[in-house]
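Labels below follow one simple rule: chain letters A, B, ... track the order of the sequence lines, proteins then strands, and each chain is numbered from 1.
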2 protein chains.
Amino acid sequence: MHNPKIKEIEHLFMEFMPLYHKKLSPIFRENDDDEFRCHKNQKRAIMIIHRTKGIILSELGRYLDMRKGSLTSLIDALVENGLVERREDVHDRRKTLLYLTEAGEEYYRQMMERTSKTYQKLFSKLSEEEIEQCLQGLQHVVAALKKI
Amino acid sequence: MHNPKIKEIEHLFMEFMPLYHKKLSPIFRENDDDEFRCHKNQKRAIMIIHRTKGIILSELGRYLDMRKGSLTSLIDALVENGLVERREDVHDRRKTLLYLTEAGEEYYRQMMERTSKTYQKLFSKLSEEEIEQCLQGLQHVVAALKKI
DNA sequence: CTCAAACTGTCTGAAATCTAACTATTTAAA
DNA sequence: TTTAAATAGTTAGATTTCAGACAGTTTGAG
């Protein structure tokens, strides 16, 4: 019942997450020339809504690891700023579908432009081989997380 | 200057993080039989202090992606509950070193016991080969994050 | 069909986190 | 040596997130 390799995976995640926060999370704090003054979690929400258009609030909360109650006000602010819009779900009247507005998509593009520069700068410290291994490693980890 | 593989890595991280939050983060929310009623970030802090004994507040903040100002009160609560202790740094009087108390280590052990059960259950859905690939993948990603 | 269980989003007051100052200490350049 | 810049931790007030309760809707078992 107890698989030692899974235990190793657990340890690696505990090593991985602090490293991610230290090296990569700060990217979402960068607030220079952010006309809407979005904070970190608003930016994370925008990135997810862009990728999964029509997502509902509850599911967004799962992806962000935030409670749906917190998201009501977070999304309210984004709607007020004209970056996000709510639409009713025709097939399930409980649900509200979330989309980026055109302004939201534009904001997303600008955000990604800055993000990419930071990624390029950071990972250029690695050799081509290390980059390749990181890339393939991430693919395997993502594939695993999708299955569990 | 622009490396397309780094761009792929960036995309994979953007896919990875929401998946991690959805599948693995909830583990730290489990609050059954938690006599100290530690919330998620307190648990994350305890895990990091266990791994990096004698860490200072500012560095802990980087690993948690939290501001040092927030950590003063977070650590205060853990100290009051007898799980963490502050010690002065003899060589640099600005610094305060953080350690788990014996009760803190015991709390950590109990938390890890529950965590491990959840990891075992989740990852047992994967084949041996998929587990191996996830494991090796994580090793490469961690190695990369350490270098950048 | 009926009705309980599950799920949606919102609300309210409590709790946690953030921003931005501030003091103290160390580092390093002048 | 002197001094400016960088870093550590704390504090106060503003902002964000939380837990828990709520009403409306859908699902599914009997």
Chemist: Would you kindly give the CG-to-P distance between D89(B) and dG9(D), to the nearest whole Å?
Modeler: 9 Å
Chemist: Let me know the distance between CG of L64(A) and P of dG9(C), rounded to the nearest Å.
Modeler: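 Atom-to-atom, L64(A) to dG9(C), this comes out as 13 Å.
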Chemist: What is the nucleic acid contact for N41(A), judged by heavy atoms within less than 4.0 Å: base, sugar-phosphate only, or nothing?
Modeler: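 Touches sugar-phosphate only.
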Chemist: Tell me the interatomic distance from K95(A), atom NZ, to dT10(C), atom C1', rounded to whole angstroms.
Modeler: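 From K95(A) NZ to dT10(C) C1': 18 Å.
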Chemist: Are the charged groups of K147(B) and E130(A) less than 4.0 angstrom apart, N to O?
Modeler: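 E130(A) and K147(B): salt-bridged.
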Chemist: Got a sec, which residues hit salt bridge (Lys or Arg N to Asp or Glu O under 4.0 Å) with R94(B), two or more places apart in sequence or on another chain?
Modeler: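 By the salt bridge (Lys or Arg N to Asp or Glu O under 4.0 Å) rule, R94(B) matches D92(B).
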Chemist: Round to a whole Å and report the spacing from CG of L71(A) to P of dT10(C).
Modeler: 10 Å
Chemist: Does a side-chain N-to-carboxylate-O contact under 4.0 Å join K23(B) and D65(A)?
Modeler: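 So K23(B) does not pair with D65(A) through a salt bridge.
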Chemist: Within the 4.0 Å heavy-atom criterion, would you say T96(A) contacts the bases, only the backbone, or no part of the nucleic acid?
Modeler: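 T96(A): backbone/sugar contact only, no base atoms under 4.0 Å.
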Chemist: Please determine whether a side-chain nitrogen of the Lys or Arg among E88(B) and K95(B) lies less than 4.0 Å from a carboxylate oxygen of the Asp or Glu.
Modeler: no
Chemist: Send over the distance from I75(B) CD1 to dT11(D) P, rounded to a whole Å.
Modeler: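 For the pair I75(B) CD1 and dT11(D) P, the rounded distance is 14 Å.
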Chemist: Base, sugar-phosphate alone, or nothing: which one does R86(A) contact when heavy atoms must sit under 4.0 Å apart?
Modeler: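 Since only primed, P, OP1 and OP2 atoms lie under 4.0 Å of R86(A), the category is sugar-phosphate.
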Chemist: Could you state the CG-C1' distance from L78(A) to dT15(D), rounded to the nearest angstrom?
Modeler: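 Distance, rounded to whole Å: 15 Å.
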Chemist: What is the distance, to the nearest angstrom, from the CZ atom on R93(A) to the C1' atom on dC7(C)?
Modeler: 15 Å
Chemist: Give a yes/no answer on whether the side chain of S58(A) brings an N or O atom under 4.0 Å of OP1 or OP2 in dC7(C).
Modeler: no
Chemist: Identify whether any heavy atom of I56(A) sits under 4.0 Å from a base atom; if not, whether one sits that close to sugar-phosphate; answer base, sugar-phosphate or nothing.
Modeler: sugar-phosphate
Chemist: Using a cut-off of 4.0 Å between protein heavy atoms and nucleotide atoms, how would you tag nucleotides 18-24 of chain C 5' to 3' with B, S and -?
Modeler: BB-----
Chemist: For E102(B), which residues count as a side-chain contact (heavy atoms from CB on, under 4.5 Å) partner, sequence neighbours excluded?
Modeler: E105(B), R109(B)
Chemist: Hey, are E10(B) and K7(B) close enough for a salt bridge, meaning a charged N less than 4.0 Å from a carboxylate O?
Modeler: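 Looking at K7(B) together with E10(B), the answer is yes, because their closest N to O distance falls below 4.0 Å.
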Chemist: Whole Å only: how far is the CG atom of D92(A) from the C1' atom of dC7(C)?
Modeler: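 It is 8 Å, rounded to the nearest whole Å.
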Chemist: Pick the nucleotide of DNA chain D nearest each of Q42(A) and S73(B); which residue has the one closer to the 5' end?
Modeler: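 The residue mapped nearer the 5' terminus is S73(B).
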Chemist: Considering only NZ, NE, NH1 and NH2 on the basic side and carboxylate oxygens on the acidic side, decide whether K5(B) and E132(A) come within less than 4.0 Å.
Modeler: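 Yes.
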Chemist: Reckon R44(B) touches a base, only the sugar-phosphate, or nothing at all at heavy-atom distances under 4.0 Å?
Modeler: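 No contact.
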